[in-house]
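Remember, predicted model here, so these are calculated numbers, not experimental data. Heavy atoms only: backbone and side chains are in, while hydrogens, waters and symmetry mates are out. Sequence lines set the chain letters: A, B, ... in the order given, protein chains first and strands last, and positions in each chain run from 1.
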Amino acid sequence: MKFKSITGTKDILPAESFRWQYVERTFRELAHRYNFKEIRTPVFEQTELFARGIGELTDIVGKEMYTFRDRSENSLTLKPEMTAAVIRAYLQHNLGQQQPVTKVYYLAPMFRQERPQKGRLRQFHQFGLEVIGSHQPEADAEIIAMTAEYYKALGITQADLKINSVGCEKCRPAYKEKLKEFLRPNLPHLSEESQRRFESNPLRILDSKDERDRELTDAAPLQKDNLCEECNEHFIRLQELLSETGVSYTVDGRIVRGLDYYTKTAFEFISSALGSQDALSGGGRYDLLAKELGGKDVPGVGVAGGLERLLLVLEASDLMKDSDRKPVVYLAAADNESRTWLYGVTQQLRRADISCDTDLLRRSLKAQMREASRQLVQFTIIAGTGERDRNEVTVKNMETGEQQPIPVGDLAHYINQQLSDNGNDGEKS
RNA sequence: GUGGGCGUAGCUCAGUAGGUAGAGCGCCAGGUUGUGGCCCUGGUGGUCGCGGGUUCAAGUCCCGUCGCUCACCCCA
């Protein structure tokens, strides 16, 4: 075998694609219920969009982007996340001019050049929601509530929501100083990584997994306790909204997201059913992003969640039933003389909206029956020259083994009737 | 970028003190001259990741390399 898929990428094979369709369909239907419309953007953008939007100092921009030059020497990047691209499209097409609030969702592949491990791939897939144009906590609640509802719809109970407020341009600078003040005495004892972050991004020190860092920052002041009036009000109102809608959460003052653009709300859904990479989804408010990208001063809030991780949780929790759609009918030819005629019957059934399959290998009747059995069809239609001459077929109920001669003209009707008699539409979805 | 584990049939794996490969499942065929699922019989299928070394002889020992996987970092 000469060619293999690239490290960190995965094929979604026919035997498992129904799982993806299930989580995607559930997401789309729910998004529609919340009146989010889908947005699709290109898989690549100008590198500068992500560098500016996500932040030069983040790990994503610093070492994880798939960046390349095209033949015109433009620097392009496979999107490592969606929000910057959505805002770019929002600004480019002046979506804010058409309506004051824009609600969009997406299901799309993302690319980050990290070392793969459980729940982490180089090409992975995210679902996401963005509410653009509102400063109000109701917008934050809309995002979080639907995400929680999505997990609930899939049957996931182990998804813990943690929320925090990371302040805004008014209260964060003062807090940052306060935090540095606190950390300074212990600076030499912090981990190397945290020491490096002391100047560039001290907030990140708080969510370090290093044990010593944990101890040393145990009593550190938190942003949520040092918010300005506006941010504090926003955070409190958001909590009220979540309580009102029955979304359970815990406040975790150490949640700091890996992207620079977040202001006020930051949150994560964590699952204990995952491995080391336990974040199911994460998001927050990004009121400064649009302006940072050179556009108008437009607020926004959003979420992005990993579909691979979602599927891992569903499988670990045994919530993924084998619900792939099976054909209802298999048509088997008893001899080669009747195959052409039988193929016509097959097409008739398909046009009558009955899912069916037939032999493409000119196999023996026995082999065709075996195939029908393997496909778990409910009925097998058997026909040879005898049936053909009478313009009828033999319909075999695969469960009971009973066989019935049925005129071709009545076939579709007969099948549909049998299906409804069984209280089963044959489309277990 | 760093560290651990693993790489033998499509899949899950076994493989003895080194003597040129096996099982189960799957797939195909037969056991019924037009009929499945169970059962029985037979069959298909492997450059033992790749390269080099030691040896009369290596899947089995040594070195290198590639890949997969888990973890660190970080995140979805």
Confirm from the modelled atom types if [X] and [N] form a donor-acceptor pair under 3.5 Å, side chain to base only.
| X | N | result |
| --- | --- | --- |
| A:Gln277 | B:C74 | yes |
| A:Glu114 | B:A76 | yes |
| A:Gln375 | B:G36 | no |
| A:Gln117 | B:C73 | yes |
| A:Arg115 | B:A71 | no |
| A:Lys396 | B:U35 | yes |
| A:Arg309 | B:C75 | yes |
| A:Gln368 | B:U35 | no |

For [N] and [M], measure between their [atom1] atoms and round to the nearest Å.
| N | M | atom1 | answer |
| --- | --- | --- | --- |
| B:A9 | B:U65 | P | 24 Å |
| B:G7 | B:G46 | C1' | 14 Å |
| B:C27 | B:G15 | C1' | 24 Å |
| B:C38 | B:A57 | P | 49 Å |
| B:G1 | B:C56 | C1' | 46 Å |
| B:C25 | B:G59 | C1' | 23 Å |
| B:G36 | B:G30 | P | 11 Å |

Subject >> Verdict with reasoning, A:Glu130 to A:Thr83, per side-chain hydrogen bond (donor to acceptor under 3.5 Å, both in side chains) >> reply: CA-CA 8 Å; A:Glu130 312 285 354; A:Thr83 304; 2.9 Å; yes

Subject >> Closest to side chain of A:Met369, choosing from B:A76, B:G67, B:U35 >> reply: B:U35

Original post:
Are the ring centres of A:Tyr330 and A:Phe379 closer than 6.0 Å?
Top reply: no

**OP:** Please work out whether the ring planes of A:Tyr34 and A:Phe36 are parallel, tilted or perpendicular, with thresholds of 30° and 60°.
**Re:** tilted

**OP:** Quick one: sort the A:Phe27 and A:Tyr105 rings into parallel, tilted or perpendicular, breaks at 30° and 60°.
**Re:** perpendicular

Inspect the contact between [Y] and [X] and indicate whether a charged nitrogen and a carboxylate oxygen are less than 4.0 angstrom apart.
| X | Y | answer |
| --- | --- | --- |
| A:Arg122 | A:Glu114 | no |
| A:Glu38 | A:Arg28 | yes |
| A:Lys396 | A:Glu402 | no |

Original post:
Nearest nucleotide by nearest heavy atom, which residue falls closer to the 5' end of RNA chain B, A:Arg120 or A:Ala279?
Top reply: A:Arg120

**OP:** Take A:Lys118 and A:Leu365, find for each the nucleotide of RNA chain B with the closest heavy atom, and name the residue whose nucleotide sits nearer the 5' end.
**Re:**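 Its nucleotide being nearer the 5' end, the pick is A:Leu365.
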
**OP:** Examine B:C74: is either OP1 or OP2 under 4.0 Å from a nitrogen or oxygen in the side chain of A:Arg197? Give yes or no.
**Re:** yes

Original post:
Does A:Arg112 have a side-chain nitrogen or oxygen under 4.0 Å from the phosphate oxygens OP1 or OP2 of B:C73?
Top reply: no

Original post:
Under a 3.5 Å cut-off for both distances, is B:C27 Watson-Crick or wobble paired, and to whom?
Top reply: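 When the pairing criteria are applied, B:G43 turns out to be the nucleotide that pairs with B:C27.
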
Any base atoms under 4.0 Å from [X], or only sugar-phosphate, or nothing? Heavy atoms, all strands.
| X | answer |
| --- | --- |
| A:Gly128 | nothing |
| A:Arg339 | nothing |
| A:Leu280 | sugar-phosphate |
| A:Asn336 | nothing |
| A:Ala304 | sugar-phosphate |
| A:Glu64 | sugar-phosphate |
| A:Glu387 | base |
| A:Thr7 | sugar-phosphate |

